[in-house]
Structure formats: C-alpha cells, structure tokens
Asks: 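I have a structure here, written as structure tokens, and I will follow up with some questions on it.
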Amino acid sequence: GVRSALRVPSKERPPNTDLGRAPLHPGFDVRGFEVTGRIPLPWDIGIEGWYSRISAGHDGVLSVFQPVEQGRIGLAWHDLPLESVQLEVDARLELEYRGEMLVPDATTGALQTIGAQPSLDFDLNVRVLDIHAWVSWQNILHDLDRADLPGVPLPGQTAYFGVKWELWN
C-alpha cells in the first residue's frame with residue numbers, strides 16, 4: 001500500500017522570560033506543514049518523498065537560515081538477497097531541494113534572500129553480518145552555483161564513505 005503522513009503544526013512561541021529578560025522574539029509565529037510518502041514499486045523499489053513548507057517570522061519577515069520550503073524525492077531500493085538475511089543492501093537516488101532563505105552576506109553581514117538550491121544525491125549502504133559499509137555522493141551534477149552564503153560557494157561533488165564493524169553485542 002501507499003504510506004503517507006501529514007503534520008500541520010501551528011504553535012506560538014512563548015516569550016523567553018527567563019531571569020527577567022525581555023522576550024527574544026515577541027510575537028514570533030511559526031506555521032507550516034510537512035508531507036511524507038512512499039509508493040512501492042516492483043523489485044523492492046519505491047518512490048519516496050518528503051516536503052515541508054514553513055512560514056516563520058514576525059510581520060512577514062523570515063527567520064535567518066530558515067528555508068521557506070524543503071523537499072526530497074527519489075528512488076529507494078532495499079533488499080535482503082540471501083535467505084540468511086546476512087546481506088542487506090539499501091540504495092537511494094534522490095533530488096534534494098532547499099527553497100529560498102534569508103542569510104547574511106559573508107562580507108557585509110547585510111541580510112539578503114538567496115534562491116533555491118537543488119541537488120542530485122546518491123546513497124548506498126551495505127551490511128554483511130555485523131559490518132556496515134556506506135557511501136554518500138552529493139551534488140552528482142557538480143553544480144558550482146550552490147551557496148548557503150552569498151560569495152561563499154559550496155563544494156562541487158562531495159563523497160563520504162565509511163565502514164562500521166560491531167565487535168561486541
């Protein structure tokens with residue numbers, strides 16, 4: 001079947017009155033929603049996705065470093081190819097999207113809005129007995145225009161890998 005979830009949080013942040021200090025953000029309001037889902041396909045493959053949209057601010061002003069929207073959608077594969085379940089494989093190819101957000105300029109500190117940042121990523125996890133090996137390859141398309149701070153570009157393609165071996169239960 002199809003799994004999905006919908007959360008619609010809406011909460012007024014109480015003022016910080018600790019030690020008699022003035023509120024950090026009087027009237028600061030956070031509202032938004034989040035949706036997740038998985039659609040199973042043949043051969044242990046599924047389309048998985050997640051999306052959130054948030055409006056956090058005061059009088060229409062966004063919060064710093066808070067993307068307006070974020071999301072991921074991709075193909076995910078999970079398999080236990082041996083009857084002994086001693087081999088487990090997880091793979092995921094996904095498009096990650098981070099919407100526009102308010103950030104300080106790296107040189108002047110003045111606040112400005114930066115545009116959306118999409119990225120194509122790949123993750124592979126393999127477990128044999130108690131040994132886990134993984135690789136995460138981010139920004140496969142080598143988009144050099146991505147930046148969280150104007151004037152400070154993010155690296156192009158990035159790969160992380162590792163091995164974890166549990167010696168004791």
Side-chain angles (χ1 to χ4, degrees), residues 1-18 21-78 90-125 134-160 162:
V2 175
R3 291 185 311 177
S4 65
L6 175 63
R7 288 189 285 172
V8 184
S10 176
K11 183 178 180 183
E12 180 88 17
R13 180 179 173 181
N16 181 0
T17 55
D18 186 72
R21 290 182 287 195
L24 292 176
H25 302 287
F28 195 80
D29 192 29
V30 177
R31 296 179 191 272
F33 69 92
E34 180 179 86
V35 178
T36 62
R38 181 181 196 326
I39 301 172
L41 300 173
W43 306 292
D44 299 315
I45 296 175
I47 297 174
E48 296 182 352
W50 165 79
Y51 176 81
S52 73
R53 182 163 181 86
I54 190 168
S55 61
H58 178 67
D59 294 332
V61 177
L62 296 175
S63 178
V64 177
F65 292 114
Q66 176 62 58
V68 173
E69 57 186 352
Q70 299 180 67
R72 293 174 178 249
I73 188 162
L75 290 174
W77 176 59
H78 177 262
D90 276 309
R92 173 185 306 269
L93 178 66
E94 68 184 0
L95 179 65
E96 178 184 1
Y97 174 81
R98 192 212 59 223
E100 67 179 27
M101 68 179 178
L102 190 64
V103 298
D105 183 88
T107 55
T108 65
L111 294 177
Q112 58 184 319
T113 302
I114 62 170
Q117 303 287 326
S119 176
L120 185 65
D121 304 331
F122 176 74
D123 293 300
L124 175 66
N125 296 288
W134 56 272
V135 63
S136 179
W137 184 17
Q138 299 172 347
N139 194 8
I140 293 172
L141 300 178
H142 196 59
D143 181 4
L144 296 176
D145 293 331
R146 298 177 66 222
D148 285 337
L149 292 173
V152 183
L154 293 171
Q157 294 180 7
T158 309
Y160 303 95

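Predicted, not measured: the structure shown is a model, and the values here were computed from it. Note: hydrogens, waters and symmetry copies are ignored here, and every other heavy atom, side chains too, is used.
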Asks: What residues, two or more places apart in sequence or in another chain, satisfy side-chain hydrogen bond (donor to acceptor under 3.5 Å, both in side chains) together with T158?
Replies: none
Asks: Holding to salt bridge (charged side-chain N to carboxylate O under 4.0 Å, His left out), I want the full list of residues that pass it with E96, two or more places apart in sequence or in another chain.
Replies: R72
Asks: Which pair of heavy atoms, one from P67 and one from G99, lies closest together, and at what distance?
Replies: CB-O, 4.0 Å
Asks: Partners of E69 by side-chain hydrogen bond (donor to acceptor under 3.5 Å, both in side chains), sequence neighbours excluded?
Replies: Y51, R53, Y97
Asks: Identify, with sequence neighbours excluded, every residue that meets side chain to side chain contact (heavy atoms under 4.5 Å, CB included) alongside T107.
Replies: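 T107: side chain to side chain contact (heavy atoms under 4.5 Å, CB included) contacts with D105.
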Asks: Residues two or more places apart in sequence or in another chain: which of them pass side chain to side chain contact (heavy atoms under 4.5 Å, CB included) with L141?
Replies: L120
Asks: Specify the closest pair of heavy atoms between G115 and Q117, including all atoms of both residues, with the distance to one decimal.
Replies: O-NE2, 3.5 Å
Asks: Considering residues at least two apart in sequence or located in another chain, which fulfil the side chain to side chain contact (heavy atoms under 4.5 Å, CB included) criterion with L75?
Replies: L41, I45, I47
Asks: Please list, chain by chain and in numerical order, all residues satisfying salt bridge (charged side-chain N to carboxylate O under 4.0 Å, His left out) with R92, sequence neighbours excluded.
Replies: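 Testing R92 for salt bridge (charged side-chain N to carboxylate O under 4.0 Å, His left out), a comparison that skips the adjacent residues, returns E48, E94.
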Asks: Which value, rounded to the nearest 0.5 Å, describes the distance between W134 atom CH2 and L124 atom CG?
Replies: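 Spacing of CH2 (W134) from CG (L124) equals 11.5 Å.
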Asks: Does the side chain of H78 reach to within under 4.5 Å of the side chain of D90, using non-hydrogen atoms?
Replies: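 Yes, close enough: below the 4.5 Å cut-off.
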Asks: Who passes side-chain hydrogen bond (donor to acceptor under 3.5 Å, both in side chains) against S52, sequence neighbours left out?
Replies: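 S52: no side-chain hydrogen bond (donor to acceptor under 3.5 Å, both in side chains) contacts found.
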Asks: N139: what forms a side-chain hydrogen bond (donor to acceptor under 3.5 Å, both in side chains) with it, not counting sequence neighbours?
Replies: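 Result, side-chain hydrogen bond (donor to acceptor under 3.5 Å, both in side chains) vs N139: none returned.
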Asks: Indicate the atoms forming the closest heavy-atom contact of W137 with D123, along with that distance.
Replies: N-OD1, 4.5 Å
